[in-house]
Participant: 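Take a look at the following structure, please.
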Amino acid sequence: YLTVCQITRVYIFDYGQYSADFSGPMMIITQKITSLAFEIHDGMFRKNEDLTPSQRCLAVRRMPSLLEYLSYNCNFMGILAGPLCSYKDYITFIEGRSYQLQQSEANGKEDTKYEQTDPSPNIAVAQKLLICGLSLLFHMTITKTLPVEYNIDENFRATASWPVRVFYLYLSLMAARPKYYFAWTLADAINNAAGFGFRGYDKNGVTRWDLISNLRIQQIESSTSFKMFLDNWNIQTALWLKRVCYERATFSPTIQTFILSAIWHGVYPGYYLTFLTGVLMTLAARAIRNNIRHYFVESPAVKLCYDIITWMTTQVAISYTVVPFVLLSVKPSFTFYSSCYFCLHIASILVLLVFPLKRTQKGNKKHESIQPVWSKKLEEENLLQKNNYSTTNNSFSQKEEITCRYQALKQ
């Protein structure tokens with residue numbers, strides 16, 4: 001149904017125009033419905049020992065009522081722009097359960113628990129609204145002067161040198177990101193203002209309001225690898241793709257996940273060009289990192305040089321990959337790639353031929369070695385944040401849920 005809606009919007013009403021219409025909320029609701037469906041399936045129709053640690057902790061073991069179902073899918077906080085949250089996190093919030101700080105010592109023992117109720121989101125909301133204001137100001141001023149379409153301008157391609165073209169490519173795509181910073185940060189702030197998004201307290205007792213945050217701007221702009229960029233961009237969607245597709249795919253999980261992401265985003269051909277290019281870039285970046293990075297981490301000076309080079313390479317590769325996502329259509333996208341002689345596509349294929357992906361190892365290491373680019377870090381943080389407070393339902397006690405998540409985090 002979402003695809004039908006997107007086809008209608010794109011090819012009947014406003015091709016190539018960004019608009020705030022029904023397809024945006026439909027994308028969020030699609031994420032929620034599919035997430036809840038798999039969580040119910042895991043909790044009620046699969047054996048506990050067949051589940052991964054994250055699936056076990058997110059599993060819903062009681063069928064939600066109609067009110068709970070509609071509240072989760074259509075609550076006012078996330079109906080327009082999300083972000084996605086798990087059903088159990090939402091129910092924990094909506095039922096007003098107290099939050100508990102769970103700290104663990106180095107030896108794995110749990111410290112004393114204590115309750116703190118009604119943490120104030122005011123400071124977090126104010127900070128995020130400030131980021132929204134700055135992002136909007138940047139978008140309304142700087143972004144207008146650096147259009148992505150200028151990368152395929154005939155005069156620019158004919159007269160500009162390669163360094164100038166690469167530098168403008170990076171600047172134009174960097175300038176295209178603040179609108180996403182604005183939308184996702186505002187959505188996060190709205191949820192926080194309503195009291196949702198509390199992750200717990202750090203070791204100093206300071207509140208953390210990033211349970212459902214969708215991006216980390218500093219890490220995005222300083223990414224030194226494709227993985228690091230995707231770890232911090234559209235975080236909740238990345239987790240959704242991992243949980244509903246990557247973990248459950250029986251073959252080619254990386255390719256299937258990128259294709260699903262393209263289908264979910266819409267029907268513009270540029271989306272598919274971007275995500276298919278992203279498959280190549282992801283596999284090539286993983287191969288390089290696995291095969292050569294360990295040679296450059298011994299000396300601080302060498303590692304600094306390596307980080308600078310990988311930062312530049314990552315930013316250019318990301319910009320190169322997402323140009324079709326912005327241009328939307330096939331012709332301008334191929335115009336751009338052909339003007340670059342498909343250089344990074346060819347380079348990625350050569351890298352995969354020269355530096356094949358490492359063989360997976362036995363047991364749990366095999367599972368870890370094939371996780372997607374966004375998986376490990378996000379999964380650890382996701383389990384950690386759920387360790388801060390219980391999201392158990394009526395059929396499990398709070399103690400059992402905390403133990404489950406703590407053991408999963410250790411594993």
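All values below come from the heavy atoms of this structure, side chains included, with hydrogens, waters and symmetry mates left out. Just so you know, these numbers come straight off a predicted model, no measurement behind them.
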Participant: Check for a donor-acceptor pair, side chain of Q236 on one end and backbone N or O of S213 on the other, with a separation under 3.5 Å.
Facilitator: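 Yes, because the side chain of Q236 sits within donor-acceptor range (under 3.5 Å) of the backbone of S213.
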Participant: Counting only N and O atoms by type, is there a donor-acceptor contact under 3.5 Å from the side chain of S172 to the main-chain atoms of V148?
Facilitator: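 No, S172 side chain to V148 backbone: no donor-acceptor pair under 3.5 Å.
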Participant: List the atom of W209, the atom of P119, and the distance in Å for their closest heavy-atom pair.
Facilitator: CZ2-O, 3.4 Å
Participant: Between H345 and Y337, is the ring centre distance below 6.0 Å?
Facilitator: yes
Participant: I'd like to know if the side chain of T30 pairs up with that of Y1 as donor and acceptor (distance under 3.5 Å, no hydrogens or angles considered).
Facilitator: no
Participant: Does R165 have any salt bridge (Lys or Arg N to Asp or Glu O under 4.0 Å) partners at least two apart in sequence or in another chain, and if so, which?
Facilitator: none
Participant: Going by the angle between their ring planes, with limits at 30° and 60°, are H41 and F38 parallel, tilted or perpendicular?
Facilitator: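 Correct class here is perpendicular.
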Participant: Suppose we screen for salt bridge (Lys or Arg N to Asp or Glu O under 4.0 Å). Which residues come up paired with R248, at least two apart in sequence or across chains?
Facilitator: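 Here the qualifying residues are D42.
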Participant: Enumerate the side-chain hydrogen bond (donor to acceptor under 3.5 Å, both in side chains) contacts for residues 119-136, please, sequence neighbours excluded, ordered by first and then second residue.
Facilitator: S120-N122, K128-D188, K128-N192
Participant: As a quick check of understanding, evaluate side-chain hydrogen bond (donor to acceptor under 3.5 Å, both in side chains) for Y90 and S71, giving each step before the final call.
Facilitator: CA-CA 9 Å; Y90 177 75; S71 176; 2.5 Å; yes
Participant: Hey, is the main chain of D50 close enough, under 3.5 Å, to the side chain of R46 for a donor-acceptor pair?
Facilitator: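 At least one qualifying donor-acceptor pair exists.
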Participant: Holding to ring pair (Phe, Tyr, Trp, His ring centres under 6.0 Å), I want the full list of residues that pass it with F229, two or more places apart in sequence or in another chain.
Facilitator: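 Ring pair (Phe, Tyr, Trp, His ring centres under 6.0 Å) check on F229 returns W233.
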Participant: Return the orientation label for the W264 and W240 ring planes: parallel under 30°, perpendicular over 60°, tilted otherwise.
Facilitator: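 Rings of W264 and W240: tilted, 30 to 60°.
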Participant: Checking side-chain polar atoms at under 3.5 Å, does T237 have a donor or acceptor matched by the opposite partner on Q31?
Facilitator: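 Judged by distance alone, the side chains do pair up.
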Participant: Holding to side chain to side chain contact (heavy atoms under 4.5 Å, CB included), I want the full list of residues that pass it with M174, two or more places apart in sequence or in another chain.
Facilitator: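 Checked M174 against side chain to side chain contact (heavy atoms under 4.5 Å, CB included); matches are Y170, L171, R177, E221.
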Participant: If you apply the rule side chain to side chain contact (heavy atoms under 4.5 Å, CB included), what do you find for F196 with N75, and how did you get there?
Facilitator: CA-CA 12 Å; F196 187 35; N75 68 83; over 6 Å; no
Participant: Quick one: do L211 and N191 satisfy side chain to side chain contact (heavy atoms under 4.5 Å, CB included)? Show the steps, please.
Facilitator: CA-CA 10 Å; L211 175 66; N191 281 271; over 6 Å; no
Participant: Are the side chain of R216 and the backbone of N232 linked by a donor-acceptor contact shorter than 3.5 Å?
Facilitator: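 Pair absent, no side-chain N/O of R216 close to backbone of N232.
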Participant: Side chain to side chain contact (heavy atoms under 4.5 Å, CB included), that's the test. Do T224 and I308 meet it? Break it down for me.
Facilitator: CA-CA 8 Å; T224 57; I308 293 174; over 6 Å; no
Participant: On the 0 to 90° scale, with breaks at 30° and 60°, tag the Y150-Y168 ring pair as parallel, tilted or perpendicular.
Facilitator: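 Rings of Y150 and Y168: perpendicular, as their planes differ by over 60°.
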Participant: Should the pair K242-E247 be classified as a salt bridge under the 4.0 Å nitrogen-to-oxygen rule?
Facilitator: yes
Participant: Determine, stepwise, if the pair D89 / T92 fulfils side-chain hydrogen bond (donor to acceptor under 3.5 Å, both in side chains).
Facilitator: CA-CA 5 Å; D89 285 337; T92 296; 5.4 Å; no
Participant: Step through it carefully: locate the ring centre of H139, locate the ring centre of Y181, and say whether they are under 6.0 Å apart.
Facilitator: no
Participant: Would you confirm whether S261, through its side chain, and T257, through its main-chain N or O, come within 3.5 Å as a donor-acceptor pair?
Facilitator: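 Side chain of S261 to backbone of T257, a donor-acceptor pair under 3.5 Å: no, none is there.
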Participant: Describe, in one word, how the ring planes of Y87 and Y72 are oriented to each other, choosing from parallel (under 30°), tilted (30 to 60°) and perpendicular (over 60°).
Facilitator: perpendicular
Participant: Does either side chain, that of R286 or that of N291, offer a donor lying less than 3.5 Å from an acceptor on the other one?
Facilitator: no
Participant: Going by salt bridge (Lys or Arg N to Asp or Glu O under 4.0 Å), name the residues that satisfy it together with E68, two or more places apart in sequence or in a different chain.
Facilitator: R62
Participant: Could you tell me whether the side chain of T274 and the main chain of T321 form a donor-acceptor pair under 3.5 Å?
Facilitator: yes
